[in-house]
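Have a look at the structure below before the remarks.
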Amino acid sequence: MKAKGSVFKYGDNVDTDVIIPARYLNSSDPGELALHCMEDIDREFIHKVKKGDIMVANKNFGCGSSREHAPIAIKAAGVGCVIAETFARIFYRNAINIGLPIIECPQAAREISEGDCVEIDFDSGLIVDVTTGKSWQGQAFPEFMQRIIQAEGLINYINSGKS
C-alpha cells in the first residue's frame, strides 16, 4: 500500500475539537463531517484538499476528546495519511479502526514543509519528500493493520471474514 499527495502542515496539540468542531457532531455522515474538517484552524483546507493528500503535524495530534468523528472527517475529506511526531493514543486507535493510515515519524514530521509532495510506502514505512528528495524511515504497518486499512476499517475487516 502507498499514499502520495501534497502536504497540509500543522503544529503541536491539534485536538479533536479543531479537527471537527463539536458544533457538527450532531451528524455521523462522513461527507457532512468532511465539509467542516479543520475549519477552525485552516478555513481553506476543505477547499484545497485533494484525494490522497497528506497531513503532517508535530506532537500529540488528535488529543482531546475520544470522538471517532475526528479521523472519520479526515478520511472522508480525502486525506491519504497523517504523519506526526506523536499521536494521542485514543486517536491512533480510532484512526486504525476506521481505516485511516497514520505514521509516527518525528524527524519527518519536523522536516516536511507545507505544500511538499510526499509519498509513503506502508509496507516498508519509507516516507519520501518528493519535493526535497529527503527520506525517513517510519514504522511499517504490520500485515494485520494493513488488512484493516485496506478493508476501510475494523468493522469491514471483521465482516469480510478474512480475519
Side-chain angles (χ1 to χ4, degrees), residues 1-20 30 33-34 37-38 41-42 45-46 48-157 163:
M1 279 182 5
K2 292 187 178 194
K4 183 177 182 179
S6 294
V7 168
F8 290 84
K9 180 84 181 254
Y10 302 100
D12 292 331
N13 302 312
V14 175
D15 68 50
T16 55
D17 286 324
V18 297
I19 294 170
I20 183 66
L33 295 172
C37 186
M38 308 303 282
I41 61 169
D42 185 353
F45 172 78
I46 200 59
K48 296 187 295 185
V49 68
K50 293 177 181 55
K51 186 168 177 56
D53 281 348
I54 311 295
M55 274 189 182
V56 177
N58 294 337
K59 295 175 186 162
N60 204 25
F61 187 86
C63 59
S65 64
S66 62
R67 64 180 64 126
E68 254 185 356
H69 294 73
I72 289 170
I74 292 169
K75 182 179 173 189
V79 171
C81 183
V82 181
I83 300 168
E85 285 189 49
T86 59
F87 290 93
R89 292 294 100 195
I90 192 73
F91 180 89
Y92 188 95
R93 186 66 186 177
N94 283 338
I96 298 305
N97 284 347
I98 62 101
L100 173 67
I102 59 177
I103 294 181
E104 286 185 344
C105 187
Q107 190 174 4
R110 286 189 298 268
E111 295 180 15
I112 293 171
S113 297
E114 173 86 19
D116 285 359
C117 179
V118 168
E119 184 173 62
I120 302 121
D121 182 328
F122 299 121
D123 295 326
S124 66
L126 185 65
I127 301 165
V128 177
D129 188 325
V130 177
T131 305
T132 66
K134 289 183 178 181
S135 63
W136 305 269
Q137 187 59 58
Q139 185 167 357
F141 286 146
E143 187 178 326
F144 80 93
M145 283 176 67
Q146 288 192 49
R147 289 195 306 262
I148 291 169
I149 291 167
Q150 287 173 334
E152 299 287 316
L154 183 60
I155 302 276
N156 292 339
Y157 173 68
S163 56

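- Looking only at distances, no side-chain donor or acceptor of T86 sits under 3.5 Å from a matching main-chain atom of K59.
- The two residues G11 and A57 come nearest to each other via the heavy atoms O-CB, 3.8 Å.
- Contacts of K2 classified as side-chain contact (heavy atoms from CB on, under 4.5 Å), with partners at least two apart in sequence or in another chain: D121.
- With respect to the salt-bridge test (charged N to carboxylate O, under 4.0 angstrom), the residues R67 and D17 qualify.
- The shortest side-chain heavy-atom distance between F91 and R89 does not fall under the 4.5 Å cut-off.
- Atom-to-atom distance recorded for I83:CD1 and I120:CD1 is 4.0 Å, nearest 0.5 angstrom.
- Across M1 and I149, no two heavy atoms sit closer than the pair CE-CG2, 3.5 Å.
- Here the shortest heavy-atom pairing between I20 and L33 reads CD1-O, 3.4 Å.
- Put simply, the side chain of F8 does not reach to within 4.5 Å of the side chain of I54, judged on heavy atoms.
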- Item | Audit row: V49, V79, side-chain contact (heavy atoms from CB on, under 4.5 Å) steps and yes/no | CA-CA 8 Å; V49 68; V79 171; 4.2 Å; yes
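- One finds no salt bridge joining K75 and E68 here, because no Lys/Arg side-chain nitrogen approaches an Asp/Glu carboxylate oxygen to under 4.0 Å.
- In this structure, I96 and L154 have side chains that are not in contact, with every pair of non-hydrogen atoms separated by 4.5 Å or more.
- Judged by distance alone, the side chain of E119 and the main-chain N or O of K4 form no donor-acceptor pair under 3.5 Å.
- Side-chain contact between L126 and V128 is present, with at least one heavy-atom pair separated by less than 4.5 Å.
- The backbone N or O of S65 lies less than 3.5 Å from a partner atom in the side chain of T16, making a donor-acceptor pair.
- For the residue pair A77 and A34, the shortest heavy atom distance occurs at N-CB, 3.6 Å.
- Closest approach of Q137 and G125 over heavy atoms only: NE2-C, 3.4 Å.
- For the pair R147 and F144, the cation-pi test (distance below 6.0 Å, angle within 45°) is failed.
- A distance of 5.5 Å separates CD1 in I98 from CD1 in I72, rounded to the nearest 0.5 Å.
- The distance from the NZ atom of K9 to the CZ atom of R110 is 9.5 Å, given to the nearest 0.5 Å.
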- Message: Checking F87 against C63 for the side-chain contact (heavy atoms from CB on, under 4.5 Å) test, could you report, in this order, the C-alpha distance in whole Å, the side-chain angles of both residues, the deciding distance, and whether it holds?
- Response: CA-CA 7 Å; F87 290 93; C63 59; over 6 Å; no
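- Taking both residues in full, the closest heavy atoms of A109 and A84 are given as CB-C, 3.7 Å, listed atom of the first, atom of the second, then distance.
- In this structure, the side chains of M55 and F45 come closer than 4.5 Å at one or more pairs of heavy atoms.
- With contacts defined as side-chain heavy-atom distances shorter than 4.5 Å, the pair P106/W136 does not qualify.
- Using a 4.5 Å heavy-atom threshold, the side chains of I103 and F141 count as touching.
- Atom CD of E143 sits in a sparse spot, with 12 or fewer heavy atoms from other residues, nucleotides or ligands closer than 6.0 Å.
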- Does the side-chain contact (heavy atoms from CB on, under 4.5 Å) test come out yes or no for Y10 and D42, once each step is laid out? CA-CA 9 Å; Y10 302 100; D42 185 353; 2.7 Å; yes
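- Residues I74 and I19 have side chains in contact (heavy-atom distance under 4.5 Å, counting atoms from C-beta outward).
- Expressed to the nearest 0.5 Å, how far SG of C105 lies from CD of E85 amounts to 9.5 Å.
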- Message: N60 vs D12, test: side-chain contact (heavy atoms from CB on, under 4.5 Å). Steps then yes/no.
- Response: CA-CA 6 Å; N60 204 25; D12 292 331; over 6 Å; no
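- Listed for the D15 side chain is no donor-acceptor partner under 3.5 Å among the backbone atoms of G62.
- Annotation: I41, atom CD1; neighbour count of heavy atoms from other residues, nucleotides and ligands within 6.0 Å is above 12.
- Here the side chain of D129 pairs a donor or acceptor atom with the backbone of T131 at under 3.5 angstrom.
- Between the D53 side chain and the S6 main chain, a donor and an acceptor come within less than 3.5 Å of each other.
- Separating the CG atom in L100 from the CD1 atom in I148 is a distance of 13.0 Å, to the nearest 0.5 Å.
- Using modelled atom types, one finds a donor on one side chain and an acceptor on the other under 3.5 Å when comparing E111 with Q107.
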